[in-house]
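Read the structure below first, then the notes.
Everything quoted here is computed from the prediction, not taken from an experiment. Note on naming: letters A, B, ... go to the chains in the order of the sequence lines (proteins, then strands), and numbering restarts at 1 for each one.
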There are 2 protein chains.
Amino acid sequence: MPTTAAGSTGTTATDTATRLREAAYALFEQQGYAATTVDQIAAEAGVGRTTFFRVFGSKEDVIFPDHEALAARVAARLDTLGDDPGAAPLGATEAARIVLEHYLAEGDLARARYRLTASVPTLRDREVSSTAGYRRRFRDALRGWTGEEPGDDLRAEVVAGSIVTAHNHVLRRWLRGAVDDDGARRELDRALGLVLASVAATGRSGGADQVPPDDGRPGDGRPGTPAGGSTVVVLRSGASLEEVLPELQAALARVEVRVEA
Amino acid sequence: MPTTAAGSTGTTATDTATRLREAAYALFEQQGYAATTVDQIAAEAGVGRTTFFRVFGSKEDVIFPDHEALAARVAARLDTLGDDPGAAPLGATEAARIVLEHYLAEGDLARARYRLTASVPTLRDREVSSTAGYRRRFRDALRGWTGEEPGDDLRAEVVAGSIVTAHNHVLRRWLRGAVDDDGARRELDRALGLVLASVAATGRSGGADQVPPDDGRPGDGRPGTPAGGSTVVVLRSGASLEEVLPELQAALARVEVRVEA
DNA sequence: GAGCGTACGGTACTGAGTACCGCTCTCGAT
DNA sequence: ATCGAGAGCGGTACTCAGTACCGTACGCTC
């Protein structure tokens, strides 16, 4: 118990974690990740090696945010989707924004982490594999939306992966300094709009199934607000609706689509 | 297996590697991954511990295929795309098939690996991060297709991720025994068709840009031959019909389209 | 003050991964 | 046949991450 002011308790644990993290980042940037030992980090933070492993489970954990907790918050938001299919795009967008906002709040810490992960292969791998938890949560939430079964949920997996990819794309641009905070928020909306638009009608796998007739929300961050007018397209074809729908939807991107028979 | 080592020397090296791999898999299935030490594997294979680390760089490497070599083959196929945008879907499908065929050829070995990765978190992470190389290769190849720049290639990233996701979805179904070899090949065609169809028209980033009017190839591995019927699609949108019509027709290429008001 | 939970430090151990040295067998040249 | 030369292999010794266990100091409650 060295040098801790006698009055304050409770915040001690947090302080220890913070000191360890700061010491770790400083040493990593200075000597490199591999060349820095846990002993050095602990010594620099003024604690024992045991304490390091008690606070962070491993040398890698001191770098990364608590993805499990973050993914749990994402899942919680996704759970509020209920059975209303029209709420899915908005809900997914908000869920993704939870993650983005977390990084924005971290600020320079997130940037320092990016510098590390960009240069150390081990850490990059760790970061990549950390996306699996998010993909899984989005996939599970999206299954109700695609009407697929757990073993056979290609669409849900693809869309979930696309959401995560779109988020990470924007996040990386922010990490590199290509956009500022608000720019990142706007780009996330735009990117997810692009990704989710191509799914809106893909929806249910059953050929004649219902597609959300109208999501009712005007412009959830989508680009152009449509202004009425309707068009009827008659497809005469041997191709089933299911087959042409993805292409059709993609072609119409940001246009609301309703399918009748 | 994808050991590109020119066999100038005897078959000794390959034999040692094979013995080590078989010993490792046997011990892993019997005692579990964590409980098996490299010493045990080496002893079981009748070689020294040093030899193990000379042949496989790490304990994990003995399990996984040479993803780098495999991804290089994928990249080689992708390089033959040239500038013809119509060739992209076919080329991407064939590139993905290279990977699938590799696993199919592995047979039981791939299944044994799947059993391991499904139960050991460390190995699952490794497997997840190994997909990054494939995604990167597809993304780079697709950039010519989407007309995007390296720092700002959202579409290419999303499509690349979707291709890998679709492939892994089918692969996992095969690994679980849900489909046989030919079934997996067919499902890969179908899954990639679904994924790539939604991109065909998304193509170039410019909104009103030209999309390949017709790729001319009938059924590049697309699923079933359709059987007649017509479909009515109602578009409710602020976008004028003239705006969407070119894309729409391109998307439907092989489908007769009639537009009514 | 006695008991109790918590946070911490220290010691000792396992096992992966690395560096280095030395052995042996084979091949080709002289 | 002899002599390197090089490849493949084994052994030793070391570093360091991660785990298990024990002991201790502090604050809190009864």
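- To the nearest angstrom, C1' of D:dA17 lies 14 Å from CD1 of A:I63.
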Below 3.5 Å between N/O atoms, which protein atoms pair up with nucleotides 12-15 of chain D? Just atom names and distances, please.
none

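- Phosphate contact (OP1/OP2 of D:dC9, side-chain N/O of B:T16, threshold under 4.0 Å): present.
- There is a side-chain donor-acceptor pair under 3.5 Å between A:H67 and A:Y134.
- Distance check: B:D152 CG to A:R173 CZ gives 4.5 Å after rounding to the nearest 0.5 Å.
- Side-chain atoms of A:T165 and B:E157 include no donor-acceptor pair closer than 3.5 Å.
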Practice prompt. Might you work through the side-chain hydrogen bond (donor to acceptor under 3.5 Å, both in side chains) test for A:R77 and A:T80, ending with a clear yes or no?
Written response: CA-CA 6 Å; A:R77 174 63 187 86; A:T80 67; 2.5 Å; yes
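- Rounded to whole Å, the distance from CZ on B:F53 to P on C:dC20 is 17 Å.
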What donor-acceptor contacts under 3.5 angstrom involve side-chain atoms of residues 41-54 of chain B, with partners at least two apart or in another chain?
none

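- Protein atom CD of B:Q40 is 14 Å distant from nucleotide atom P of C:dT14, rounded to whole Å.
- Distance B:F56 CZ to D:dG8 C1': 15 Å, rounded to the nearest Å.
- Spacing between atom CG of B:L20 and atom C1' of D:dG8 amounts to 13 Å, rounded to whole angstrom units.
- Between the side chains of B:E60 and B:S58, no donor N or O sits under 3.5 Å from an acceptor N or O.
- Note: B:R172 CZ to B:T117 OG1 = 10.0 Å, rounded to the nearest 0.5 Å.
- One atom, CZ of B:R19, and another, C1' of D:dG8, lie 12 Å apart when rounded to the nearest Å.
- Taking atom NZ of residue B:K59 and atom P of nucleotide C:dT18, one finds them 15 Å apart after rounding to whole Å.
- Which of D:dG10, C:dC8, D:dG18 sits closest to the side chain of A:R54 comes down to C:dC8.
- Both B:G46 and A:A34 lie close to DNA chain D; mapped to their nearest nucleotides by heavy-atom distance, the more 5′-ward contact belongs to B:G46.
- The CG-P distance, from A:D39 to D:dG18, rounds to 12 Å in whole Å.
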